[in-house]
Amino acid sequence: MTTILRIDASSRTTSSISRSVGDYFEQSWLTHNPRDLVLRRDVVTDPITHIAQQTITGFYTPADRLTDELQTATALSDRLIAELQAADMLLLTVPMYNFAVPSAFKAWIDHIVRIGHTFTYDGSSFSGLLTGRRAYVVTSHGAAGYRHGDPFAAADFLVPYLRFILQFLGITDVHVFAVEGTTGDELTLTAAIERAKREIDAVVAAASIVPVAAA
Ligand SMILES: Cc1cc2nc3c(=O)[nH]c(=O)nc-3n(C[C@H](O)[C@H](O)[C@H](O)COP(=O)(O)O)c2cc1C
């Protein structure tokens, strides 16, 4: 059984393209893998407070020297990291806001990218500690043209950032389903969603093939 941690980040809790394509992925995945478990973290309906002075002090304090106050200040980070550690697979749904991730999602990142817990630094290089996991990411973009070689590729601080952060944490098996042109006309939007769904069908089917020997 695979434990999936799904994280949703669109401020729209209805009519959100990233959430609905994420639902499609989830349903498709569970159809192929009915015993898998989905855990959820919604950074919009359950907002993550920003890290504060004491949170940062706690991050840099060795575990055996944490005071009650520092333990309280890092408790949310502990919980969010435990959710990640318990997961074998991530499903992230993240819209593009001002060419980057929504601030609600960035607040989550600031809690989970934590030295000694999800990465290490030896003075010259970093190592991610969340290895052995894979991530599926659904992004939604109002405009089209952010893909590699397209006119706005240089303005995409969403997909490259997500890929970088995941890889920084040790998650190198990452697949992104980008739904572009969501603020375009109905035809454009439908075509973009259908394209993402076809891609999801293919990726989920390929990921769910059970080797003959193991069947
Ligand atoms: C605050 C805000 C900022 C946005 N910034 C961008 C942007 O920089 N580039 C873009 O292509 N679309 C932008 N959009 C459009 C969204 O990416 C688009 O509507 C997307 O579908 C939102 O995701 P959702 O449908 O899951 O809510 C922005 C929308 C909002 C609300």
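When a ligand or atom number is given, it counts from 1 through the structure's own listing order.
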- Check the pair I17, L189 against side-chain contact (heavy atoms from CB on, under 4.5 Å), reporting the backbone distance first and the verdict last. CA-CA 9 Å; I17 308 301; L189 175 60; 4.0 Å; yes
- Please list all pairs passing the salt bridge (charged side-chain N to carboxylate O under 4.0 Å, His left out) test where one or both residues lie in residues 181-197, with sequence neighbours left out. none
- Can you tell me which residue pairs pass the salt bridge (charged side-chain N to carboxylate O under 4.0 Å, His left out) test with a partner in residues 89-98, sequence neighbours excluded? none
- Query: Do S124 and D122 meet the criterion of a side-chain donor-acceptor pair at a distance under 3.5 Å?
  - Reply: yes
- Contact residues of ligand 1 (heavy atom under 4.0 Å), by chain and number: S10, R12, S16, I17, S18, P95, M96, Y97, N98, F99, S140, H141, G142, A143, Y146, T182, T183
- Item | salt bridge (charged side-chain N to carboxylate O under 4.0 Å, His left out) against R40, all qualifying residues, sequence neighbours excluded | E26
- Query: Hey, are K106 and D110 close enough for a salt bridge, meaning a charged N less than 4.0 Å from a carboxylate O?
  - Reply: yes
